[in-house]
**Student:** 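First the structure, which I've put down as structure tokens, then a few questions once you've had a look.
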Amino acid sequence: APPPPRDNSQRMAVGGTALLFLVYLLTSGGGGDSSSAGVGTVVPKSKELGRRIHKKWTALTDFNRDLPDRLRTLRDQHELVGEHLALIQDGTETVEEILHGLKEHTDETEMPPMTMKEILSFLSNYIHQLHQVNIQNKKATYQGIWQAYHDLTVKTLYPWDREYLQRMPERRFDDTIFLSVATYRDENCLNTISWAFEKAKQPDKLHVGMVQQNCEENCRSGILDGGKMEDVEPDEDCHKVFCEGVGKKYCDAGQVRALHINETESLGPYAARYLASKLWNGEQWYMQIDSHMTFLQDWDSISIEMLKAAPSKKPVLSHYPPGHTGDLEAGSNAPAPRLCGPKFATSDLESQIIRLEGCLEYDKKKLDVPRFAPFTAAGYFVAHSDFLREVPFDPFLPWIFMGEEIIMSTRLWTSGYDIFSPSQSVVGHMYVRRHKPKFWESVHRVFSHGVHNPLQMLVLNRIKYQLGYPESAKDMILNKSILTAVEQYSMGTERPLEEYLRLVGLNMERKEVTYTEW
């Protein structure tokens, strides 16, 4: 039976207890602004203590006032935290995460946008902390590796990310383009960045955000013929060489921003794109490419013209570009390749995640207007940069190689974005890089050989849960921390996921793809 309602004296008692508890928290152990008066004794500064108690009490009363009736009842019955109490105590979940949904974390803030110096400083420090955590977990199982990453991210990167999303700069309307580039030990990086500026119609409007993941010492090659690996020289510092050479004027003008990561700290391509997205600084347009690309002359303006021509208020332009050996100039009047459909991966290493298929010759002639194709590819992706607020990258998807394209496609579409294939190819992509280092080889060197595959399959459960795979339903996932804060980085509310799955012909229960005429 429910407990009897409390009278005013009971409510005052509860409030008094809460206030005493706040005083205890603020005057014990890590109380913040306090002075030491002998071993084991802490004397708080009275004025600061009063200010902090008032702030905490205001937050508590505001929280109580904003609670829906159902949750207020649970609170009164001491059941609001419920089964999550143990998880909160050991740091794998927080009360804030449990209470997401009571109030969206998009409130206005009086704090100014974060400076690029602040952003780079925090991210570099986080990567350094992660490096130390990885060293401590070198012999851990894949579950232990994930848990160590999760716990550090919950305590540091996740709360920072929520603050960052409230303090993002305003989007400017000045025709600037933010070019997101994630590079992993790529000898093509320098050419890619150089050609991007060289071939741009308005290079002064181009701003690059680069996450450079290089080996700086004790370097190894990729897997060579016969399965062997060799010692090699440290990787070229693409950022440094560009800024000291042909790109000096752009770097001096602040148009190239870079986060440097050692290869041993690499978290895979999706995580690198997450980090690169934080280097955005208010540019009007967002474009994402890989670090082994070629460019058509005026690729920048042509991309934006195609995006504006797409028949939608919230368009996205994306496809698998043609190979890098093709002549983009000669093919400027030919139809561009399109993304034609999904399929379930058949490799045991990919956990039946959705892969996308490209069509080189789907259209018979070049189209005047980009055509609807509801999939995004990671290697060429153009949108207006407000999507970074509405569909932010997820900080809880490390070490994955597959899966980023289908989760981005569904999140964008359910958030009201319409995705189109470009009517003209403006970049070429180097698809085959045999014998070159791969990030999962670094994972094996940091931890133990063979650990990446089960680690990736564990993390893919986060994506599969959002897409409705029955084997990744919440009750089927043993490690619930895989779903921490998933609601903050999941589907939008403009259109239902079920409608998208019907549109593209995906049946998650039977793992079937049916042809649809979208």
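Being a predicted model, the structure only gives us computed values, none of them experimental.
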**Student:** Side chain to side chain donor-acceptor pair (under 3.5 Å) with Ser266: which of Gln213, Glu441, Lys438?
**Tutor:**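 Between Ser266 and the candidates, side chain to side chain donor-acceptor pair (under 3.5 Å) is satisfied uniquely by Gln213.
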**Student:** For residues His292 and His324, is any side-chain donor paired with an opposing acceptor at under 3.5 Å?
**Tutor:**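 Side chains of His292 and His324: no pair found under 3.5 Å.
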**Student:** Starting at OG of Ser409, measure out to CD1 of Ile419 and round the result to the nearest 0.5 Å.
**Tutor:**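 Rounded to the nearest 0.5 Å, the OG-CD1 separation comes to 5.0 Å.
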**Student:** Under 4.0 Å between a Lys/Arg side-chain N and an Asp/Glu carboxylate O for Asp175 and Lys201?
**Tutor:**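 No, this pair does not count.
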**Student:** Do Gln147 and Ser481 get their side chains close enough for a donor-acceptor pair, meaning under 3.5 Å?
**Tutor:**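 Yes, a side-chain donor-acceptor pair sits under 3.5 Å.
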**Student:** When rounded to the nearest 0.5 angstrom, what is the spacing between OG in Ser291 and CE in Met293?
**Tutor:**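 Answer rounded to 0.5 Å: 9.5 Å.
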**Student:** Would you say the side-chain atoms of Glu263 and Ser442 include a donor-acceptor pair closer than 3.5 Å?
**Tutor:**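 The criterion, which ignores hydrogens and geometry beyond distance, is satisfied for Ser442 and Glu263.
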**Student:** Are Tyr274 and Leu397 close enough that some pair of their side-chain heavy atoms sits under 4.5 Å apart?
**Tutor:**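 They are not in contact (no side-chain heavy atoms under 4.5 Å apart), so the answer is no.
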**Student:** Check this for me, if you would: do Arg411 and Glu390 make a salt bridge, where the nitrogen-to-carboxylate-oxygen distance has to be below 4.0 angstrom?
**Tutor:**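 Result for this pair is no, no salt bridge flagged.
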**Student:** Between Arg389 and Tyr164, is NZ or CZ placed under 6.0 angstrom from the six-membered ring centre and within 45° of the ring axis?
**Tutor:**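 No, cation not above the ring by the 6.0 Å, 45° rule.
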**Student:** Are the aromatic rings of Trp399 and Tyr149 close, with centres under 6.0 Å apart?
**Tutor:**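 Yes, the ring centres sit under 6.0 Å apart.
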**Student:** Among Phe375, Tyr380, Tyr362, find the residue that satisfies the ring-ring contact (aromatic ring centres under 6.0 Å, His included) test when tested with His319.
**Tutor:**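 Only match with His319 under ring-ring contact (aromatic ring centres under 6.0 Å, His included): Tyr380.
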**Student:** Tell me, do Thr484 and Phe396 make a side-chain contact under 4.5 Å, heavy atoms counted?
**Tutor:**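 With C-beta onward as the side chain, the pair touches.
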**Student:** Contact between Asp290 and His429 at the side-chain level, heavy atoms closer than 4.5 Å - yes or no?
**Tutor:**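 Counting from C-beta outward, Asp290 and His429 do come under 4.5 Å.
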**Student:** Do the side chains of Phe393 and Leu388 get nearer than 4.5 Å, heavy atoms only?
**Tutor:**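 A side-chain contact under 4.5 Å exists here.
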**Student:** Aromatic rings His131 and His128: how do their planes relate, parallel, tilted or perpendicular, breaks at 30° and 60°?
**Tutor:**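 It falls in the parallel class, under 30°.
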**Student:** Ring centres under 6.0 Å, that's the criterion: do Phe439 and His452 meet it?
**Tutor:**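 Yes, they do, as the ring centres are separated by less than 6.0 Å.
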**Student:** Regarding Lys464 and the six-membered ring of Tyr469, is the cationic atom NZ or CZ under 6.0 Å from the ring centre and inside 45° of its axis?
**Tutor:**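 Because its charged atom sits under 6.0 Å from the ring centre and within 45° of the axis, Lys464 does stack over Tyr469.
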**Student:** Within the 3.5 Å criterion, strictly below it, is a donor on Ser415 or Glu494 matched to an acceptor on the partner's side chain?
**Tutor:**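 Judged by distance alone, the side chains do not pair up.
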**Student:** Determine, for Arg462 against Asp394, whether the closest basic-nitrogen to carboxylate-oxygen distance falls under 4.0 angstrom.
**Tutor:**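 So Arg462 pairs with Asp394 through a salt bridge.
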**Student:** Given side chains that start at C-beta, do those of Leu296 and Lys199 come closer than 4.5 Å, heavy atoms only?
**Tutor:**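 Result no, sub-4.5 Å side-chain heavy-atom pair not found.
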**Student:** Compute the ring centroids of Tyr417 and His384, then answer whether they are less than 6.0 Å apart.
**Tutor:**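 Yes - the distance between ring centres of Tyr417 and His384 falls below the 6.0 Å cut-off.
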**Student:** Give a yes-or-no answer on whether the side chains of Glu405 and Thr376 include a donor-acceptor pair shorter than 3.5 Å.
**Tutor:**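 No - no donor-acceptor pair under 3.5 Å links their side chains.
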**Student:** Drop me the distance from Leu317's CG to Asp418's CG, to the nearest 0.5 angstrom.
**Tutor:**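 Rounded to the nearest 0.5 Å, the CG-CG separation comes to 12.5 Å.
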**Student:** Mind listing the closest non-hydrogen atom pair of Ile406 and Tyr500 along with its distance?
**Tutor:**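 Scanning both residues, the minimum pair turns out to be CD1-OH, 4.2 Å.
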**Student:** CZ of Phe122: more than 12 outside heavy atoms within 6.0 angstrom?
**Tutor:**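 Counting other residues, nucleotides and ligands, CZ of Phe122 exceeds 12 neighbours.
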**Student:** Distance alone, cut at 3.5 Å: any donor-acceptor contact between the side chains of Asp235 and Gln212?
**Tutor:**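 There is no such pair (donor and acceptor under 3.5 Å, judged by atom type) between the side chains of Asp235 and Gln212.
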**Student:** For Thr414 and Pro496, which heavy atoms make the closest approach, and how far apart are they?
**Tutor:**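 In this case the closest contact between Thr414 and Pro496 is CG2-C, 4.1 Å.
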**Student:** Given Phe387, which partner from the list Trp285, Trp280, Trp413, Tyr286 fulfils the ring-ring contact (aromatic ring centres under 6.0 Å, His included) test?
**Tutor:**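 The residue from Trp285, Trp280, Trp413, Tyr286 that satisfies ring-ring contact (aromatic ring centres under 6.0 Å, His included) with Phe387 turns out to be Tyr286.
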